[in-house]
Engineer: 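One structure, as structure tokens, below. Some questions next.
Lettering of chains follows the sequences in order, A, B, ..., and the numbering in each one begins at 1.
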Number of protein chains: 2
Amino acid sequence: MEPMDDDKVFKALGDPTRRKLLDLLCETNGQTLGELCGHLDMARQSVTQHLGLLEEASLVTTVRRGREKLHFINPVPLHEVYERWVRKFEVQRLSLLHALKQHLEEDGT
Amino acid sequence: MEPMDDDKVFKALGDPTRRKLLDLLCETNGQTLGELCGHLDMARQSVTQHLGLLEEASLVTTVRRGREKLHFINPVPLHEVYERWVRKFEVQRLSLLHALKQHLEEDGT
DNA sequence: TTGACATGCAGGTAAATACCTGCATATTGA
DNA sequence: TCAATATGCAGGTATTTACCTGCATGTCAA
């Protein structure tokens, strides 16, 4: 198992087409390239490229079945992103107003 | 309050420099542009640009204090990203192996 | 007021990237 | 075998974007 690459995961999530692909796989896991193309108004090759980036980020895993390629979502990297990023800032969320007040009161402007 | 723009948030998080800026603000909230520049090996103007994107994504809020500009982290969009994205795929995480098995057993390849 | 300091604005460039077309390969089913 | 189907590979282009430099504006403190 590859170690997670924060940057690849965030970059992969940074494109709306790729988020849509994840959504599609969330609805129906294990879709083929052709099936996924059916939901996107875009050349097959572009979809392939997007799926390639998702796969490099370990957000999608593929299995060949004959001439087809099945795509499965892998939620693990997303969970790690949550652990490393969202939770960290959750703490801030609670103390934000306090910090803001404190800072502004430093010199009363 | 602006409605959250998924795309802006994800795009903002898609750059390592901007994630570093969020990290810096997580350590010490309310830093000035100059302070933040001190931690990044990059022209001031580039940092300004990154902070601008973070602000457009509502991930950072600014307050002017005299000739300085203070930057505060805003964890709310991150939390919404979590709600809309990570949780959704958490469900998948639990049923993933089951679905995979089922799919592969469909034709036993 | 005036010089030092903090930030804003207006471009300009090179690399990344999101698309595409055209052709090649591999698998299935008649 | 052979035609239809599913995907892979090799480029090409136009937009986006992550940097930069140079100059302008606004604020502070002596």
Side-chain angles (χ1 to χ4, degrees), chain A residues 5-25 28 30-57 59-72 103-104 106-109, chain B residues 5-25 28 30-57 59-72 103-104 106-109:
Chain A
D5 183 334
D6 262 353
D7 196 47
K8 283 185 182 175
V9 174
F10 278 111
K11 282 233 171 76
L13 292 173
D15 181 89
T17 301
R18 291 193 285 272
R19 289 197 301 278
K20 172 141 193 181
L21 281 167
L22 289 179
D23 264 334
L24 290 170
L25 289 179
T28 310
Q31 291 186 67
T32 67
L33 172 59
E35 286 174 316
L36 291 169
C37 283
H39 298 286
L40 294 170
D41 190 23
M42 181 180 293
R44 174 179 55 83
Q45 198 42 242
S46 307
V47 178
T48 300
Q49 197 173 359
H50 284 301
L51 287 169
L53 291 182
L54 288 171
E55 199 171 351
E56 275 210 27
L59 284 163
V60 161
T61 305
T62 59
V63 176
R64 278 214 90 108
R65 186 178 59 182
R67 63 184 162 184
E68 293 175 317
K69 191 173 185 180
L70 308 181
H71 297 78
F72 295 89
H103 220 102
L104 289 176
E106 263 181 24
D107 64 352
T109 37
Chain B
D5 184 334
D6 262 353
D7 197 48
K8 283 185 180 173
V9 174
F10 279 111
K11 281 234 172 77
L13 292 173
D15 181 271
T17 301
R18 291 193 285 271
R19 289 198 301 278
K20 171 139 193 184
L21 281 168
L22 289 179
D23 264 334
L24 290 170
L25 290 179
T28 310
Q31 292 186 67
T32 67
L33 172 59
E35 285 172 317
L36 291 169
C37 284
H39 297 285
L40 294 170
D41 188 23
M42 183 179 294
R44 175 180 55 82
Q45 197 42 240
S46 307
V47 178
T48 299
Q49 197 172 0
H50 284 302
L51 286 169
L53 291 182
L54 287 171
E55 198 170 353
E56 275 210 28
L59 284 162
V60 160
T61 304
T62 59
V63 176
R64 278 214 87 108
R65 186 177 58 183
R67 61 184 164 184
E68 294 175 316
K69 190 172 186 180
L70 307 182
H71 297 78
F72 295 90
H103 220 101
L104 289 177
E106 263 181 26
D107 64 350
T109 39

Engineer: Nearest whole angstrom, please: distance from the C1' of dT7(C) to the CZ of Arg65(B).
Structural biologist: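 The answer, rounded to whole Å, is 14 Å.
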
Engineer: In this structure, how many angstroms lie between the P atom of dA29(D) and the CZ atom of Arg67(B), rounded?
Structural biologist: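 Rounding to the nearest Å, CZ of Arg67(B) and P of dA29(D) are 7 Å apart.
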
Engineer: Distance check needed: dG26(D) P versus Leu33(B) CG, whole Å only.
Structural biologist: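 So the CG-P distance, Leu33(B) to dG26(D), works out to 17 Å.
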
Engineer: In whole angstrom, give the distance that lies between atom CD of Gln49(A) and atom P of dT15(D).
Structural biologist: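 It is 17 Å, rounded to the nearest whole Å.
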
Engineer: Starting from P on dA18(D), measure out to CG on Leu13(B) and report it in whole angstrom.
Structural biologist: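 Going from Leu13(B) (CG) to dA18(D) (P), I get 13 Å.
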
Engineer: Please report, rounded to the nearest Å, how far the C1' atom of dC28(D) is from the CZ atom of Arg64(B).
Structural biologist: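 Spelled out: CZ on Arg64(B) to C1' on dC28(D) is 13 Å.
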
Engineer: Compare side-chain N and O positions of Ser46(B) against OP1 and OP2 of dA18(D) and report whether any pair is under 4.0 Å apart.
Structural biologist: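 No, Ser46(B) has no side-chain N/O under 4.0 Å of OP1/OP2 on dA18(D).
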
Engineer: Tell me whether the side-chain N/O atoms of Lys69(A) come closer than 4.0 Å to OP1 or OP2 in dG8(D).
Structural biologist: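 Yes, because at least one side-chain N or O of Lys69(A) sits under 4.0 Å from OP1 or OP2 of dG8(D).
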
Engineer: Is the distance from OP1 or OP2 of dA18(D) to the nearest side-chain N or O of Arg18(B) less than 4.0 Å?
Structural biologist: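 The answer is yes; a side-chain N or O of Arg18(B) sits under 4.0 Å from OP1 or OP2.
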
Engineer: Between Asp7(B) and Arg19(A), does any side-chain N to carboxylate O distance fall below 4.0 Å?
Structural biologist: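 A salt bridge links Asp7(B) with Arg19(A).
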
Engineer: Report the distance from atom CD of Gln45(A) to atom C1' of dT25(C), rounded to the nearest whole Å.
Structural biologist: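 For the pair Gln45(A) CD and dT25(C) C1', the rounded distance is 13 Å.
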
Engineer: Can you tell me the distance, in whole Å, between the CD atom of Glu68(B) and the C1' atom of dC28(D)?
Structural biologist: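 It works out to 10 Å between those atoms.
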
Engineer: Once side chain to side chain donor-acceptor pair (under 3.5 Å) is applied, do any residues pair with Glu55(B), and if so which ones, sequence neighbours excluded?
Structural biologist: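 Partners of Glu55(B) under the side chain to side chain donor-acceptor pair (under 3.5 Å) test: Thr62(B).
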
Engineer: Can you see if the side chain of His50(B) gets near the phosphate of dT17(D) - specifically, an N or O under 4.0 Å from OP1 or OP2?
Structural biologist: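 So the side chain of His50(B) is outside the cut-off, no N or O lying under 4.0 Å from OP1 or OP2 of dT17(D).
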
